[in-house]
Amino acid sequence: MKLVSAALRNPECKIQKLGLWKVGLTDSGAEDLASALSTNPSLMELNLSENKLGDSAVKLVSAALRNPECKIQRLWLMEIGLTDSGAEDLVSALSTNPSLTELNLGYNSLTDRSVPALRRLILTLPSLERIGLMGNEFSETGMKELRSLQEPRPRLTVYL
């Protein structure tokens with residue numbers, strides 16, 4: 001990860017899509033990646049799915065996503081060990097990103113406690129078109145509440 005992060009920090013790096021799906025990325029690698037993300041404005045798609053990141057690594061990545069230079073449009077964080085606590089940090093960071101069009105948080109450990117934060121994100125981010133939440137631990141009530149957000153936002157698709 002140190003080599004990838006060094007490449008991303010290079011001002012000449014114009015990479016737009018980075019797929020680090022199922023590569024064994026952990027907290028320490030996420031720290032390197034987060035510092036690189038905050039310096040690379042060309043990256044638009046990031047896939048960190050199926051890595052053992054957890055909330056602490058998501059917190060690091062979230063800090064990078066808060067950078068006004070960050071132009072991430074598609075972010076996949078499926079099956080990374082994300083819980084309600086980490087989702088709160090992530091939603092807070094992403095709420096300030098007007099370019100985000102797709103977010104996938106499928107197959108994590110999100111429960112109804114995340115629903116208010118997810119609602120805030122969906123309602124305050126008009127650019128968001130797709131959000132993947134399948135395979136989490138929402139109750140029927142939580143899923144119904146999330147699905148209902150498609151009504152005021154016809155271009156939004158919520159996958160549960």
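Atoms considered below: every heavy atom in the structure, side chains included; atoms not considered: hydrogens, waters and symmetry mates.
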**Student:** For Cys70 and Asn97, work out which heavy atoms get closest and say how close.
**Tutor:**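 Looking at all heavy atoms of both residues, the closest pair is O-ND2, 4.1 Å.
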
**Student:** Under a 4.5 Å cut-off applied to non-hydrogen side-chain atoms, are Glu79 and Ser49 in contact?
**Tutor:**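 The answer is no; the side chains never approach within 4.5 Å.
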
**Student:** Is there a path of hydrophobic side-chain contacts, each under 4.5 Å between heavy atoms of I/L/V/M/F/W/Y residues, joining Trp21 to Met44?
**Tutor:**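 Not linked; separate clusters.
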
**Student:** Hey, quick one: are Leu65 and Trp76 part of the same hydrophobic cluster, counting side-chain heavy atoms closer than 4.5 Å, chains of contacts allowed?
**Tutor:**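 No.
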
**Student:** Do Val115 and Leu156 share a hydrophobic cluster, counting only Ile, Leu, Val, Met, Phe, Trp and Tyr and linking them when any side-chain heavy atoms are less than 4.5 Å apart?
**Tutor:**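 Both belong to a single hydrophobic cluster.
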
**Student:** Could you check whether atom CZ of Arg130 has more than 12 heavy atoms from other residues, nucleotides or ligands sitting under 6.0 Å from it?
**Tutor:**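 Check passes, neighbour count above 12.
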
**Student:** Taking all atoms of both residues into account, what is the closest heavy-atom pair of Ile15 and Ser42, and its distance?
**Tutor:**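 Closest approach of Ile15 to Ser42, heavy atoms only: O-OG, 2.9 Å.
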
**Student:** Apart from Tyr159 itself, what residues make up its hydrophobic cluster when side-chain heavy atoms of I, L, V, M, F, W and Y under 4.5 Å apart count as a link, directly or indirectly?
**Tutor:**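 Reading the cluster by chain and number, Tyr159 sits alongside Met78, Tyr107, Met134.
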
**Student:** What residue among Asp84, Leu53, Asn136 forms side-chain contact (heavy atoms from CB on, under 4.5 Å) with Asn108?
**Tutor:**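 The single option meeting the side-chain contact (heavy atoms from CB on, under 4.5 Å) with Asn108 is Asn136.
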
**Student:** When you measure from the side chain of Asp89 to the backbone of Lys59, do you find a donor-acceptor pair of N or O atoms at a distance under 3.5 Å?
**Tutor:**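 Not confirmed, Asp89 side chain does not pair with Lys59 backbone.
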
**Student:** On a heavy-atom basis, which atom in Leu146 and which in Val158 lie closest, and how many Å separate them?
**Tutor:**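 Reported closest heavy-atom pair: O-CG2, 3.9 Å.
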
**Student:** Any donor and acceptor pair, going by atom type alone, linking the side chain of Ser127 with main-chain N or O of Leu100 inside 3.5 Å?
**Tutor:**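 Indeed, once roles are kept as given, a pair shorter than 3.5 Å links the two residues.
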
**Student:** What is the minimum heavy-atom distance between Arg9 and Ser35, and which atoms define it?
**Tutor:**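 Closest approach of Arg9 to Ser35, heavy atoms only: NH2-OG, 2.5 Å.
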
**Student:** Verify side chain to side chain donor-acceptor pair (under 3.5 Å) between Arg120 and Ser92, making sure each step is shown before the conclusion.
**Tutor:** CA-CA 9 Å; Arg120 268 194 325 275; Ser92 170; over 6 Å; no

**Student:** If you measure from CD on Glu129 to CD on Gln73, what distance do you get to the nearest 0.5 Å?
**Tutor:**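 Answer rounded to 0.5 Å: 9.5 Å.
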
**Student:** Nearest heavy-atom pair of Pro98 and Thr96: which atoms, and what distance?
**Tutor:**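 Result for this residue pair: CD-O, 3.1 Å.
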
**Student:** Less than 4.0 angstrom from a charged side-chain N to a carboxylate O is my criterion; do Glu137 and Arg113 meet it?
**Tutor:**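 No.
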
**Student:** Below 4.5 Å, heavy atoms only, C-beta onward: do Ile131 and Leu149 meet side chain to side chain?
**Tutor:**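 SC-SC contact between Ile131 and Leu149 ruled out.
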
**Student:** Return the minimal non-hydrogen interatomic distance between Ser5 and Ala36, and the atom names on each side.
**Tutor:**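 Looks like O-CB, 3.5 Å.
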
**Student:** In terms of hydrophobic clustering (I, L, V, M, F, W, Y; side-chain heavy atoms under 4.5 Å; direct or indirect links), are Leu60 and Val91 co-clustered?
**Tutor:**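 No, it is not one cluster - the side chains of Leu60 and Val91 are not joined through contacts under 4.5 Å.
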
**Student:** Begin with the C-alpha distance, continue with both residues' side-chain angles, and end with the deciding distance and a verdict on side chain to side chain contact (heavy atoms under 4.5 Å, CB included) for Gln150 and Thr157.
**Tutor:** CA-CA 6 Å; Gln150 293 177 125; Thr157 304; 4.1 Å; yes

**Student:** Check each of Val61, Leu82, Leu90 against Leu77 using the side-chain contact (heavy atoms from CB on, under 4.5 Å) test, and report the only one that passes.
**Tutor:**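 When Val61, Leu82, Leu90 are each tested with Leu77, the side-chain contact (heavy atoms from CB on, under 4.5 Å) holds only for Leu90.
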
